[in-house]
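All values derive from a computational prediction rather than experimental measurement. Hydrogens, waters and symmetry mates play no part in the numbers below; they use all other heavy atoms, side chains included. Letters go in sequence order (proteins before strands), and every chain restarts at 1.
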Protein chains: 2
Amino acid sequence: MDIKQTYSISELAKEFDVTTRSIRFYEDQELLRPTRRGQARIFSSKDRVRLKLILRGKRMGFSLAETKELFDLWDETLSGNEKQLLKMLTILENKRAQLEQQKNDIAQAEMEMDTAEARCREALAELQKKKKQQAPAKEEARQTAEN
Amino acid sequence: MDIKQTYSISELAKEFDVTTRSIRFYEDQELLRPTRRGQARIFSSKDRVRLKLILRGKRMGFSLAETKELFDLWDETLSGNEKQLLKMLTILENKRAQLEQQKNDIAQAEMEMDTAEARCREALAELQKKKKQQAPAKEEARQTAEN
DNA sequence: AAACTACTTTACGTTTACGTAAACTTTATC
DNA sequence: GATAAAGTTTACGTAAACGTAAAGTAGTTT
């Protein structure tokens, strides 16, 4: 049970910091399926969850098509015949492998950022040294000023 | 010290499973800077490393422009004046935050995949039960056949 | 020398994921 | 009842990241 049952397009746009254009586009691509009151779209909390998943997918480098595929598959899975269920399981395995790859990539990136940062700090320290040599007289003044 | 000093375009294309078109495009966008022998491109091991970084960046959802920015910044950093160094450090912080976000996203996704998989297996188990009820006579035959 | 292979440039085409402008409708407010 | 506020459709535009010919060059094999 969510806090609210329905949402307007601009409510969702604000909450997730996307444009209404994007949301309409996601509907056009059938990733969201709002109902209508007259012309206006009414989004359910299911739509809200899906929007959240869409955006997370994007951050993880998934295309809208990929995300839609997962949504569709999951819907089919719910009215599950055996084939669909098995297919879903294998796809889940594939996605898990993808996530593993991403975790490796991230770990690698973090390590490299560590060494990059270290080199930066070294270089900075070098510069500081040279400054001191050029103007050692001002040192005490700055020390007291740093409080 | 790498195994090899220089690479042809097709060597790199094969090794990293990208098209030569992509590699030329990366050069065009100034992410790679091969030298030439006549017309032909000669890639250094530095280029090779960069290509690897480009592709990892893509898997992590980075645009080529973002990656190029990092490359350029890092190059400037090497001939580091203080401002550049400090800028690099803050950018590294930002990237770290991004990685944290991605790690959260992945963890979330993994949890949801766990529950999704569990539901799939439950549904499958249900289907198996129904099958048994409909044809309990064939059970022993199948059991022995499964060896 | 002809053919093959690997590489090149030029340039137009394509997909994805929206941006942006124009011209309405509906509802709320003054 | 005018006007603003929030929503709508239609439709053309755009940036990114290549794909895909077309046509040429350079070296090497037969």
Asker: For DNA chain D, find the residues of residues 30-41 of chain A with a heavy-atom distance under 4.0 Å and give them by number; none if there aren't any.
Answerer: A:Arg36, A:Gln39, A:Ala40, A:Arg41
Asker: Any side-chain N or O of A:Ser8 under 4.0 Å from OP1/OP2 of D:dG7?
Answerer: yes
Asker: Just to confirm, is there a sub-4.0 Å distance from OP1 or OP2 of C:dC18 to any side-chain nitrogen or oxygen of A:Thr19?
Answerer: no
Asker: Per the side-chain hydrogen bond (donor to acceptor under 3.5 Å, both in side chains) rule, what does the pair list look like for residues 28-39 of chain A, sequence neighbours excluded?
Answerer: A:Glu27-A:Arg36
Asker: Indicate whether OP1 or OP2 belonging to D:dC18 is found under 4.0 Å from a side-chain N or O atom of B:Tyr26.
Answerer: yes
Asker: Rounded to whole angstroms, how far apart are CZ on A:Arg24 and P on C:dG19?
Answerer: 11 Å
Asker: Measure OH/A:Tyr7 against P/D:dG7 and give the value in whole Å, please.
Answerer: 16 Å
Asker: Rounded to the Å, how far apart are A:Asp28 CG and C:dG19 P?
Answerer: 14 Å
Asker: Starting at CD1 of B:Ile23 and ending at P of D:dG19, how long is that distance when rounded to a whole Å?
Answerer: 11 Å
Asker: Give a yes or no on whether a donor-acceptor pair under 3.5 Å exists between the nucleobase atoms of C:dT20, that is its base, and the side chain of A:Arg21.
Answerer: yes
Asker: Examine B:Leu73 and B:Leu53 and state if one hydrophobic cluster contains both, with Ile, Leu, Val, Met, Phe, Trp and Tyr joined whenever side-chain heavy atoms are less than 4.5 Å apart.
Answerer: no
Asker: Can you name the nearest heavy-atom pair linking B:Ala109 to A:Met60, along with the distance?
Answerer: CB-CE, 4.2 Å
Asker: Can you name the closest pair of heavy atoms from B:Phe43 and B:Ser8 and give their distance?
Answerer: CD1-C, 4.1 Å
Asker: Can you sort out which residues in residues 52-69 of chain A have a heavy atom within less than 4.0 Å of DNA chain C? Ascending by number, please.
Answerer: A:Lys58, A:Ser63, A:Leu64
Asker: Give a yes or no on whether A:Asp17 atom CG has more than 12 heavy-atom contacts from other residues, nucleotides or ligands under 6.0 Å away.
Answerer: no
Asker: To the nearest angstrom, how far is A:Ile42 atom CD1 from C:dT26 atom P?
Answerer: 15 Å
Asker: In whole angstrom, what separates A:Ile9's CD1 from D:dA5's C1'?
Answerer: 15 Å
Asker: Quick test of your reading of the model: are A:Glu100 and A:Lys103 salt-bridged, counting only N-O distances below 4.0 Å?
Answerer: yes
Asker: For B:Asp75, check side chain to side chain contact (heavy atoms under 4.5 Å, CB included) against everything at least two apart and list the hits.
Answerer: B:Lys46, B:Arg50
Asker: In whole angstroms, how far is the C1' atom of D:dG7 from the NZ atom of A:Lys14?
Answerer: 14 Å
Asker: For B:Thr20, check side chain to side chain contact (heavy atoms under 4.5 Å, CB included) against everything at least two apart and list the hits.
Answerer: B:Ile9, B:Ala13, B:Arg24
Asker: Side chain to side chain contact (heavy atoms under 4.5 Å, CB included) with B:Thr19: which residues, sequence neighbours excluded?
Answerer: B:Arg21, B:Ser22
Asker: I want to verify a distance call: between D:dG7, C:dA6, C:dA17, whose nearest atom is closest to the A:Phe25 side chain?
Answerer: C:dA17
